[in-house]
Amino acid sequence: MALQVWNCLALSHQNQTPNPNPNPNTRLCLTQRVRLSKRSLNLSGVALVCNGVLTNWSRSAEEERDDVLERYTDSKEGFTLLVPSSYSKVEKAGATVLFEQGSNNVGVVVSPVRVARLSEFGSPEFVVGKLIEAEKRKESTKDAWVVGVAERTGQRGAQVYELEYKVDSTRGGMKRIFSAAFVASNKLYLLNIALSDNSLHSQTRTMLEQVLHSFD
């Protein structure tokens, strides 16, 4: 869908000039012993529960530490980016490269265009607006809204747009979308990162932002 929007923007540009821009008393020793035993049992139970929580937390933290970023380079199409090591490369029609982890994915599409500069599509705000419009036209979409936009310069001087938005859908629930795009040699390079919104915590976000900024 994102690629279709970019292509539509490119076609529109050909026909018109774009605008720039988270103790009771002890009566019986037996009673006291029973109470102490119960207390000991309760404390043991708490210890087991805490141990389980701490173990799960430790495993989760360890898994995140193990999920390092690895560089992927496509010498044929001429782009590079960092990819989480837990993501697996899969084949999918229409994608130049796609990495998946459950319902989350990181994909790149390279497509020829008739524009020489990314700004010819319009400003980052204009482009993300068009993407939101396209998402809202889908029958499965309940709502979609912009989170943020940014613009940077790539290593070789290419203008790069970075977009973030959320989509609430009957298919997959709430999704967070991160996109980055640039134009080089009359080709549109589009990175799309789709993540379930309930799995987006601070460490994951930091990692995905590194992926986004590495696209060049």
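Just so you know, these numbers use all the heavy atoms, side chains as well, and skip hydrogens, waters and symmetry mates.
Dense packing is recorded around CD of Glu70, with more than 12 heavy atoms of other residues, nucleotides or ligands lying under 6.0 Å away. No more than 12 heavy atoms of other residues, nucleotides or ligands lie within 6.0 Å of CZ in Arg156, so this atom counts as exposed by the packing criterion.
Of all heavy-atom pairs between Arg114 and Asn186, the closest is C-ND2, 4.2 Å. Closest approach of Arg152 and His213 over heavy atoms only: NH2-O, 3.3 Å. Shown here for Phe121 and Val113, the closest heavy-atom pair between the two residues is CZ-CG1, 4.2 Å.
Taking 4.5 Å as the limit, some side-chain heavy atom of Val211 sits within range of a side-chain heavy atom of Leu69. In this structure, Ile193 and Asn105 have side chains that are not in contact, with every pair of non-hydrogen atoms separated by 4.5 Å or more. Using a 4.5 Å heavy-atom cutoff, the side chains of Leu190 and Val108 are not in contact. Looking at Tyr72 and Lys89, their side chains come closer than 4.5 Å, going by heavy atoms from C-beta outward. The shortest distance between side-chain heavy atoms of Asn104 and Tyr87 falls below 4.5 Å. At least one side-chain heavy atom of Leu81 sits less than 4.5 Å from a side-chain heavy atom of Leu191. Looking at Asp168 and Thr141, their side chains never come closer than 4.5 Å, going by heavy atoms from C-beta outward. Contact of the Ser179 side chain with the Phe215 side chain is not registered, since no non-hydrogen atoms from C-beta on lie closer than 4.5 Å.
Counted by atom type alone, Asp216 and Thr80 present zero donor-acceptor pairs between their side chains at under 3.5 Å. Side-chain N/O atoms of Ser86 and Gln101 include a donor and acceptor closer than 3.5 Å. Residues Ser196 and Ser103 have side chains that bring a donor and an acceptor to within less than 3.5 angstrom of each other.
Between Phe79 and Phe182, the distance from one ring center to the other does not fall under 6.0 angstrom.
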Determine, step by step, whether Thr206 and Thr204 satisfy the side chain to side chain contact (heavy atoms under 4.5 Å, CB included) criterion, reporting the C-alpha distance in whole Å, the side-chain angles of both residues, the deciding distance to 0.1 Å, and the verdict.
CA-CA 5 Å; Thr206 298; Thr204 303; over 6 Å; no
Where do Asn192 and Ile177 land on the side chain to side chain contact (heavy atoms under 4.5 Å, CB included) test, with the steps shown first?
CA-CA 7 Å; Asn192 210 56; Ile177 312 296; 3.6 Å; yes
Where do Val146 and Ile132 land on the side chain to side chain contact (heavy atoms under 4.5 Å, CB included) test, with the steps shown first?
CA-CA 7 Å; Val146 179; Ile132 294 299; 3.6 Å; yes
Mind running side chain to side chain contact (heavy atoms under 4.5 Å, CB included) on Ser88 and Glu100 for me, showing each step along the way?
CA-CA 5 Å; Ser88 301; Glu100 292 185 342; 5.9 Å; no
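Contact check on Lys166 versus Glu135 returns no salt bridge, with no Lys/Arg side-chain nitrogen under 4.0 Å from an Asp/Glu carboxylate oxygen. For Glu77 and Lys187, the salt-bridge test passes: some basic side-chain N is under 4.0 Å from an acidic carboxylate O. The residues Arg117 and Glu120 are annotated as salt-bridged, a charged nitrogen and a carboxylate oxygen being separated by less than 4.0 angstrom.
At least one donor-acceptor pair closer than 3.5 Å links the side chain of Ser85 to the backbone N or O of Val68. Between the side chain of Thr96 and the main chain of Val110, a donor-acceptor pair closer than 3.5 Å is present. Judged by distance alone, the side chain of Ser169 and the main-chain N or O of Gly172 form no donor-acceptor pair under 3.5 Å.
Partners of Lys175 according to the salt bridge (charged side-chain N to carboxylate O under 4.0 Å, His left out) rule, which considers only residues two or more places apart in sequence or in another chain, do not exist here.
Clustering ILVMFWY residues whenever any of their side-chain heavy atoms sit less than 4.5 angstrom apart, transitively, puts Val127 in the very cluster that holds Val167.
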